[in-house]
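I have placed the structure first, in the form of structure tokens, so that the comments after it can refer back to it.
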2 protein chains.
Amino acid sequence: MNIYDISEKAGVSIATVSRVLNGSSRVSPKTREHVLAVMAEQGYVPNAFARGLGLKSMKTIGLLCPNAGDPYLALAITYLERAFRANGYDCLLSCTGKARSDRVKGVELLLSKLVDGMVLMGSTFLEANESGNKYLQNAAKRVPLVMLNAAYACENVYCVVCDDYRATMEATQSLLDSGRKNILYLYHSRNASGQKKLAGYQAGLQSRGLPIRDDLIHFFAEDKMSVPAVRDFLLSLAHQGLTFDAVLSSEDILSVGAAKYARVSRRSVPESLSIIGYNNSSFALCCEPELTSVDNKLEVLCNACVSTMLSVLSGKDAPQKTVYHAELVKRGSTL
Amino acid sequence: MNIYDISEKAGVSIATVSRVLNGSSRVSPKTREHVLAVMAEQGYVPNAFARGLGLKSMKTIGLLCPNAGDPYLALAITYLERAFRANGYDCLLSCTGKARSDRVKGVELLLSKLVDGMVLMGSTFLEANESGNKYLQNAAKRVPLVMLNAAYACENVYCVVCDDYRATMEATQSLLDSGRKNILYLYHSRNASGQKKLAGYQAGLQSRGLPIRDDLIHFFAEDKMSVPAVRDFLLSLAHQGLTFDAVLSSEDILSVGAAKYARVSRRSVPESLSIIGYNNSSFALCCEPELTSVDNKLEVLCNACVSTMLSVLSGKDAPQKTVYHAELVKRGSTL
DNA sequence: CTCAACTTTGTAAACGCTTACGCAAATTAT
DNA sequence: ATAATTTGCGTAAGCGTTTACAAAGTTGAG
């Protein structure tokens, strides 16, 4: 059952059938009705493979997400999809996992489906700057790339980022200026964004004349990214005699773990321990008192991604790099 | 950049290039290496639509998710994707939003991108049973549909569910059997799964000879699904004089809200108030004490979805309905 | 060396659709 | 009434693959 069968049964040419399919105006209402009737009667469904071959644009944007399980990225997906849809674009999402080969596959999968552009989420993609990672350059030759929370200078690649460095620095300064001396820094990701945050923390310390102490900086791998794991880790740190009066972290959930540590070791928040989280997610509201958290304006960033993409696709030029400032949302966990 | 360009640059015919693409054995190793090298160098990605025109399958599964922002569904995405990928299938995700028109669009989008099958996540899709919702039947005529956590009897539709009714009933009974009398039931979703949970709660009460009291059953809309909102709501309930000694809910986050209510009103958990959550998500570990929660075996369910889909696609027959039992994970929030 | 059998590669015809182009017929303008 | 324009439709040329079939090349036995 194809367009030829329909054209024959309807007594018209395949071009007319195709025009009916595509809602072209160059068909008389009478013919249109007739062809539609025949299609309905025959239960005809156009073959999308063939369709895609002919069309140049599918009005589809590919979203590449390294980890859909991350609530922060999941939220980004929601925002991006909503905004693209509102502008007449469908989204195709490929959640690849963090391994490089998976990401390459994800990019190729989306390209093979002829997306008009791609949004790459999360700075896991940043290693494209490294030599030998040509897959992004190649992708950029075919369609515009917009990177969310990652910076990458290349033709046809556009970046939308939040200034994590400055945000973490300001959070650190805010803790110091409220009288804290020993700020524990907990982080999860060693990617570009993670490194910027860490650098911000260090810059914050130095801006107030304090040294960078390695014993205050701790990394949490994927399997340690849970509230109990962080709680237990801080308990053991305290047990070993480490003194700290504030915790700053790169993800809210780490700070929730810190809050739980405070609870079980009967340290009052914020009097005895100040805590600041990052992302201002729903985790920040789980604690008592609620967590002060860095809001990095995810929705704003996503909307910027979309408008950048739309500009590029419509031939207008767009800024290669768009930077937003994060905002420290103060709640009960800090003085 | 197409197969002709590659064939030209590699000095072979398009047939040979195609054979390399498809891993055909009828190519000499030397030629294969050479062609692969040229493809890599040129960043060539085959056009999936042209491909699909010849082959009949794109080796791609569509995942339909009503809300990627929901950590529970986000986790499901991760599990599904991992398992499909391990079996040679790519995944395409469409996060539609909950509105019916969005879901219809999502289904059509995936069909138009030529997926070999679709997994529909979350029982928001259940309303397909209602009259006039033919889009699922139509989709099922084209590709097999596997529904995760939703039941729907129809040709070419397969269901994988957890027995929410029984799980909620057992959780209720467990509370009653530990001496609780007045169990507050908080729920978010009115979809099929939500109704089963509610019915399970009611059945649990009746199995112990207790009446169903409307003043103990409370619905939380999307915008009330936050810890502070639930906390405040329970505070106001208590202020109005309602007595309750346990909280059971349809989502962990609602129970976190209950825990926070307990905290601010100085009721001890579990002595004065028992709390049970649902989904056994990371939220359950945020509280002190940690929440007892119903673990509905998401990973097991997802794997069942994948193996069901693979069976159907390979022509074997698969069970129309697969049911797993949830498990009550006891932690500190219950006696 | 010859011929058969097998391996490797190439040619060309689908696959089902879109669309540029062209020609009638219908409509409007002159 | 004739010319100019618009409308409706058909023809045919792609779109980028796959694959049947054919051709050419290779190997080994006689």
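Numbered from 1 within each chain, the chains take letters A, B, ... in sequence-line order.
The rotation axes computed at either terminus of the helix from dC1(C)-dG30(D) to dT30(C)-dA1(D) lie 40° apart, taking five pairs at each end and rounding to 10 degrees.
A heavy-atom distance below 4.5 Å is found between the side chains of R85(A) and D90(A).
Residues in residues 297-324 of chain A take part in these salt bridge (charged side-chain N to carboxylate O under 4.0 Å, His left out) pairs, two or more places apart or across chains: R82(A)-E299(A).
Between atom CD of residue Q137(A) and atom OH of residue Y152(A) there is a gap of 3.0 Å, rounded to the nearest 0.5 Å. Within the model, atoms CG of L136(A) and CE of M118(A) stand 7.5 Å from one another, a figure rounded to the nearest 0.5 Å. The line from OG of S18(B) to CD1 of I6(B) is 12.5 Å long, rounded to the nearest 0.5 Å. Between the CG atom in N47(B) and the CG atom in N2(B) there is a gap of 9.0 Å [rounded to 0.5 Å]. The distance from the CG atom of N22(A) to the CG atom of L55(A) is 6.5 Å, given to the nearest 0.5 Å.
I14(B) meets the side-chain contact (heavy atoms from CB on, under 4.5 Å) test with I3(B), Y4(B), S7(B); sequence neighbours excluded. Under the rule for a side chain to side chain donor-acceptor pair (under 3.5 Å), the partners of D116(B) that lie at least two apart in sequence or sit in another chain are S57(B).
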Polar atom pairs (N or O), protein with nucleotides 13-17 of chain C, under 3.5 Å:
from, atom 1, to, atom 2, distance (Å)
dG16(C), N2, A50(A), O, 3.4
dC17(C), OP1, Y44(A), OH, 2.2
dC17(C), OP1, N47(A), N, 3.2
dC17(C), OP2, I3(A), N, 2.4

Below 3.5 Å is the cut-off: list the nitrogen or oxygen pairs between protein and nucleotides 6-9 of chain D, distance only.
from, atom 1, to, atom 2, distance (Å)
dC9(D), OP1, S28(A), OG, 3.4
dC9(D), OP1, T31(A), OG1, 2.3
dC9(D), OP2, S28(A), N, 2.9
dC9(D), OP2, T31(A), OG1, 3.3

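The closest side-chain donor-acceptor pair between Y44(A) and D5(A), if any, does not fall under 3.5 angstrom.
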